[in-house]
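Here's the structure we're looking at; comments come further down.
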Amino acid sequence: MSYNPQESEPKIYKQWEESGYFNPDVCVKKGVTKKTAEPFTIVLPPPNVTGRLHMGHAAMLAIEDILVRFNRMRGKKTLWIPGTDHAAIATQSKVEKIIYKEEGKSRYDLGREVFLKRVEQYAQESHDTIVHQVKSMGSSLDWSREAYTLDEPRYLAVYTAFKNMYDDGLIYRGHRIVNWDPKGQTTISDDEIVYQEQKTKLYTFKYSKDFPIAIATTRPETKVGDTAVAVHPDDTRYKKYIGQEYKLTFCGVPLTVKVVADKEIDKTFGTGAVGVTPAHSTIDWEIAERHNLPRSQVIDEKARMMVGDERLLGKKVLEAREIIVAWLKEENLLIKEEEITHNIGTAERTGAVVEPLPKLQWFIAVNKKFKLKNSKIKGIKSGSETTLKEIMRATVKNGQTKILPKRFEKIYFHWIDNLRDWCISRQIWYGHQVPAWYCGGVEKSSQLRMGFHKDVVPQVFDGKTKTYRLRDYGFKVGDKVLFENSQTRTLFGYAIITKIEETRVDKIDYADATHYKTYKNLQELITAFKLWNPDKVVTAQSKAYLYAYEFHKFSKQDSSDGCGQIIAPLNKPKICPACGGTKLKQDSDTLDTWFSSGLWTFSTLGWPHFAETATRGEPGPKNDFANYHPTNVLETGYDILFFWIARMILMSGYNLGEIPFETVYLHGLVRDGQGRKMSKSLGNIVDPLDLIAKYGADATRLSLIIGAAPGNDVKLSEDKVRGYRNFTTKIWNAAHFVTMNYDPKFAKVKPKFTAADKKDLLELKKIKVQVTRDIESFKLHSAADTLYHYFWHTFADKIIESAKSRLKSENKADKKAAFEVLSTILLTSLTMLHPFIPFVTETIYQDLPFRKAKSRPMLLVEQW
RNA sequence: GGACGUUUAGCUCAGUGGUAGAGCGCUUCGUUCACAUCGAAGAGGUCACAGGUUCGAUCCCUGUAACGUCCACCA
């Protein structure tokens, strides 16, 4: 007989799911977890909806599931939340590729709406595949709480966080040099650049015969955008030129070049002088900022020249480079031409050479001071001034969040020290659209009702037919509103919004009709409104149409040209609160995918919708925020330490004044048997599903755990998996043997334990202590290894072997003792092995005839 | 250029201030007995190299080398 994982695993997973035990609320309700139990939370790092899972995901799922199952069995209120990530650029470019390949069309051919539908369809299919794979691994996730980074609760979280940061002045819009991907037509972050070594020519030349200083560059074509030459202030060679301005013509382009002194310049490198191209180099942009230099863009979004005569205009950068080099030679300005190896930045997704360009983008200021209202972060007091960088540094430095292995903490600090403002806008379509609207004034053909301030106000009914809701317009409790009688078209009262209901019609309590009055113009109305003191508030009775308008923003008159103001309210507004304009256009950019991912630990727990009302100790998702945040462990690959972990610490610190998690467990990369990265081009990708189909999820899990210390890469070979599959068979057979020797007739026989028996049971206890300690200190590989060897080489090879003769003996007390030892060790071992290899242990457990009556219905919720 | 990591059996990797460990592979033997997806026995290592601390170093320190990773980017 042998164990068949292919048959058993799906069946067992279904049982688990149907039992509801993955949901901590159910565990409490069914009495397997105490209501007052300590919580244990992990939020699953959401896999991208770009296709299928890889071995790295499998490792992640295995590790997290072990921690989750272990803690659940120890009686903690354990929650593991599943979800997926929309992965903006990654998903969009994948779908773009597919559409281009199949239909030869670009996203612009389809248009934003149609294209987004296609992406969503793809994301949905991908999501379903992923969920299936995640389940195949045996992950005990609470599917009732599944989240998506682009679903409605997460939208609310993103918009709330954006608005808060905007109001605090931490989010701003500005011109900066960004990494522009000319192929993908979007900005990309520093982390999305892949540097490639390349041989390039370094040219040393002078701008003109009269120009006194020679400079060097690898990109002569950008030199038509130069506005200065920077030298070190102490450089004796150039000191006399500092402050001078030269007018010259460079390859047909008129330039004004000023000589400036800057300490950043290395005297010993090249000629010791740098041609400053502010618009096409980050460093030069900063130099230009320091010296107040003009910054003219000379290369456009398609990496073509924007200036010059017919020689240069419209040419691609590489062509322009040759033209300029030829011109330099012709004019005898080229001094030196040498070959150097040079790292060139390319876009991770498209492979295009990144072109630094100045662009209007949204940024998060990481060094700007602001007041952190409620802080639970050590070293940062509530209400004190701090910066986002400081928050990121403090949480790890003070040990509130620990990173395993510890060496990554150094890397983390180093990264923070070098962090610049985070560019959060992307020129792609799939993602959270930037919640900022630009006011274009009043729509002339507005659908809104006529009235005193017709065109500019939304209508709000208290009747039953329409459900315009105040919150759709950005109104809040406490806003003052005006009412107009629909028949007479006169204003008759004011009110304060006392309640904004979640569903149906908003309830507005307004002042009674004694305030009725007609006003000739807006100014008169405002004066009256200001004088009005709403001491009396009554409930609405009238069927009159209500017109609502925010009082304090009356100061700006309605204008048909639009005020152009940028606003970042929570809900999509229909009118501009500044001027009443109705032509509002949302910013077309989307947010960096890590913006929404940064909120993940708390946006999945009901923030911000239920954050205020959540009550600790009460069941249900509405109280998750109080019950489960901060989370206990964040487990992921070390490759996204910066992308993600740092940003979660930032977002949680800023929005909640709290750490997102206590421990960061970083696993290594899963490599092939020869230690190579798994990649498509090498064709050495192993699909977790294939391994599961062949050897079972249990064996796959073990092979990803054993021999994998945190932060170290794991080499995975099929031999290894096969080895652990043999282990599952071994367990199955050992259990089978013990069961075979079970005799219910001996129930009342009192066992007579030998000294060896007692020694064996004592050793079991020791193993348990050791395994528990190992798991608690995240040495999963060590715990799994210990169990493996104990079960196979101590229990199966020695204890069972030595029990065989006793089990055949006529001495009932001795026979019973031998059996008791075996069954005790078996049961305890199954319990301890369950987090690692849940399927085979659960299968065996449920069929054990000698399980005690008081045991739990499933090993899943058995006590550790 | 800066930082970090790795170097232990043929291969892949654990590990510890006090006789070197596992899996796979290899050799020999065994098995109608829970299990051949097995059992027993065995071969195989200057723990990269050099120096230091120590009674004692594979482990701690310093340096060197090879390999790998991350960060920065240079006019």
Side-chain angles (χ1 to χ4, degrees), chain A residues 1-3 190-191 193 195 197 200 202-204 214-220 222-223 226 229-231 262 264-266 268-277 281-284 287 340-345 405-419 638-639 641-642 668-669 671-677 695-696 699 702-703 706-709 711-741 779 781-782 784-786 788-789 792-793 796-798 800-801 803-805 807-808 822 826:
Chain A
M1 275 178 107
S2 96
Y3 172 64
D190 293 345
D191 309 307
I193 296 179
Y195 286 98
E197 205 165 81
T200 327
L202 179 68
Y203 303 95
T204 307
I215 57 159
T217 185
T218 53
R219 297 200 57 190
T222 63
K223 296 290 115 183
D226 281 15
V229 165
V231 298
D262 199 290
E264 294 288 299
I265 309 301
D266 180 358
T268 58
F269 190 91
T271 62
V274 180
V276 181
T277 323
S281 149
T282 321
I283 293 170
D284 293 5
I287 295 176
I340 57 163
T341 42
H342 177 84
N343 277 334
I344 185 160
K406 209 169 163 45
R407 64 186 152 93
F408 282 101
E409 291 189 357
K410 272 189 195 169
I411 302 175
Y412 174 82
F413 289 129
H414 183 253
W415 181 81
I416 289 176
D417 289 340
N418 291 312
L419 187 65
Y638 62 72
D639 47 332
L641 177 65
F642 310 129
L669 261 50
R671 295 168 178 276
D672 73 359
Q674 282 118 58
R676 297 175 303 180
K677 257 191 188 174
Y695 302 107
L702 261 194
S703 60
I706 297 185
N712 286 4
D713 293 352
V714 196
K715 291 189 186 68
L716 185 79
S717 60
E718 222 174 299
D719 279 346
K720 196 173 172 186
V721 189
R722 196 182 305 124
Y724 291 117
R725 189 270 321 266
N726 294 353
F727 180 52
T728 59
T729 310
K730 188 79 189 175
I731 298 171
W732 205 87
N733 279 304
H736 178 65
F737 175 78
V738 176
T739 308
M740 254 173 38
N741 285 286
K779 290 178 191 155
H781 60 291
S782 173
D785 205 41
T786 304
Y788 175 89
H789 287 105
W792 199 321
H793 301 300
D797 290 349
K798 303 219 167 72
I800 289 188
E801 287 307 318
K804 279 181 180 169
S805 58
L807 288 168
K808 281 183 206 141
L822 294 189
L826 178 68

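Just so it is clear, the model here is predicted, and its values are computed rather than measured. Below, chains carry the letters A, B, ... as their sequence lines are ordered, and counting in each starts from 1.
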Distance-minimising heavy-atom pair for [X] and [Y]:
{"X": "Leu822(A)", "Y": "Ala803(A)", "value": "CD1-CB, 4.0 Å"}
{"X": "Ala273(A)", "Y": "Ala214(A)", "value": "CB-O, 3.9 Å"}
{"X": "Ala734(A)", "Y": "Ile800(A)", "value": "CB-CD1, 4.0 Å"}

Worksheet item: For Asp262(A) and Val276(A), what are the C-alpha separation, side-chain angles and deciding distance, and is it a side chain to side chain contact (heavy atoms under 4.5 Å, CB included)?
Response: CA-CA 11 Å; Asp262(A) 199 290; Val276(A) 181; over 6 Å; no
Discussion item. Using heavy-atom distances to pick each residue's nearest nucleotide on RNA chain B, tell me which of Met740(A) and Arg722(A) is more 5'.
Written reply: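 The 5'-side residue here is Arg722(A).
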Worksheet item: Taking for each residue the nucleotide of RNA chain B with the nearest heavy atom, is it Ser782(A) or Ala796(A) whose nucleotide lies nearer the 5' end?
Response: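 It is Ser782(A), whose closest nucleotide lies nearer the 5' terminus.
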Out of [options], which has the shortest distance to the side chain of [X]?
{"X": "Ile411(A)", "options": "A34(B), C70(B), C38(B)", "result": "C70(B)"}
{"X": "His789(A)", "options": "C38(B), A22(B), A34(B)", "result": "A22(B)"}
{"X": "His414(A)", "options": "C4(B), C38(B), C71(B)", "result": "C71(B)"}
{"X": "Arg725(A)", "options": "A34(B), U37(B), G23(B)", "result": "U37(B)"}
{"X": "His793(A)", "options": "G23(B), C4(B), C38(B)", "result": "G23(B)"}

Separation between the [atom1] atoms of [N] and [M], rounded to whole Å:
{"N": "C73(B)", "M": "G5(B)", "atom1": "C1'", "answer": "22 Å"}
{"N": "A65(B)", "M": "C49(B)", "atom1": "C1'", "answer": "7 Å"}
{"N": "G17(B)", "M": "U27(B)", "atom1": "C1'", "answer": "36 Å"}
{"N": "A20(B)", "M": "C35(B)", "atom1": "P", "answer": "39 Å"}
{"N": "G15(B)", "M": "A40(B)", "atom1": "C1'", "answer": "27 Å"}
{"N": "A14(B)", "M": "G23(B)", "atom1": "P", "answer": "16 Å"}
{"N": "A9(B)", "M": "A22(B)", "atom1": "C1'", "answer": "11 Å"}
{"N": "C11(B)", "M": "C26(B)", "atom1": "C1'", "answer": "12 Å"}

Measure [atom1]/[X] against [atom2]/[N] and give the value in whole Å, please.
{"X": "His736(A)", "N": "C33(B)", "atom1": "NE2", "atom2": "C1'", "value": "12 Å"}
{"X": "Ile283(A)", "N": "A72(B)", "atom1": "CD1", "atom2": "C1'", "value": "10 Å"}
{"X": "Asp785(A)", "N": "U16(B)", "atom1": "CG", "atom2": "P", "value": "13 Å"}
{"X": "Asn733(A)", "N": "G39(B)", "atom1": "CG", "atom2": "P", "value": "11 Å"}
{"X": "Tyr724(A)", "N": "C35(B)", "atom1": "OH", "atom2": "C1'", "value": "19 Å"}
{"X": "Ile731(A)", "N": "C35(B)", "atom1": "CD1", "atom2": "P", "value": "17 Å"}
{"X": "Lys410(A)", "N": "G2(B)", "atom1": "NZ", "atom2": "P", "value": "16 Å"}
{"X": "Glu718(A)", "N": "C24(B)", "atom1": "CD", "atom2": "P", "value": "15 Å"}

Is the phosphate of [N] approached by [X] (side-chain N or O, under 4.0 Å from OP1 or OP2)?
{"X": "Lys804(A)", "N": "A34(B)", "value": "yes"}
{"X": "Lys779(A)", "N": "G15(B)", "value": "no"}
{"X": "Trp792(A)", "N": "G39(B)", "value": "yes"}
{"X": "Asn726(A)", "N": "C38(B)", "value": "yes"}
{"X": "His781(A)", "N": "A22(B)", "value": "no"}

Response to the item:
Value for CG (Leu202(A)) from OG1 (Thr218(A)), rounded to nearest 0.5 Å, stands at 6.5 Å
Discussion item. Could you measure the distance from the CD atom of Glu801(A) to the CZ atom of Phe737(A)? Nearest 0.5 Å is fine.
Written reply: 7.5 Å
Does the structure show a Watson-Crick or G-U wobble partner for [N], both distances under 3.5 Å? Name it, or say none.
{"N": "G42(B)", "result": "C26(B)"}
{"N": "G68(B)", "result": "C4(B)"}
{"N": "U54(B)", "result": "none"}

Determine the contact category for [X]: base if any of its heavy atoms lies under 4.0 Å from a base atom, sugar-phosphate if only primed atoms, P, OP1 or OP2 are that close, otherwise nothing.
{"X": "Ala230(A)", "answer": "nothing"}
{"X": "Thr728(A)", "answer": "nothing"}
{"X": "Asp797(A)", "answer": "sugar-phosphate"}

Practice prompt. Identify whether NZ of Lys or CZ of Arg in Lys730(A) sits under 6.0 Å from the centre of the six-membered ring of Tyr788(A) and within 45° of that ring's axis.
Written response: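 The answer is no, since Lys730(A) fails at least one limit relative to Tyr788(A).
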Discussion item. Could you walk me through whether Ile706(A) and Phe727(A) satisfy the side chain to side chain contact (heavy atoms under 4.5 Å, CB included) test, starting with their C-alpha distance in whole Å, then the side-chain angles of each, then the deciding distance to 0.1 Å, before giving a yes or no?
Written reply: CA-CA 13 Å; Ile706(A) 297 185; Phe727(A) 180 52; over 6 Å; no
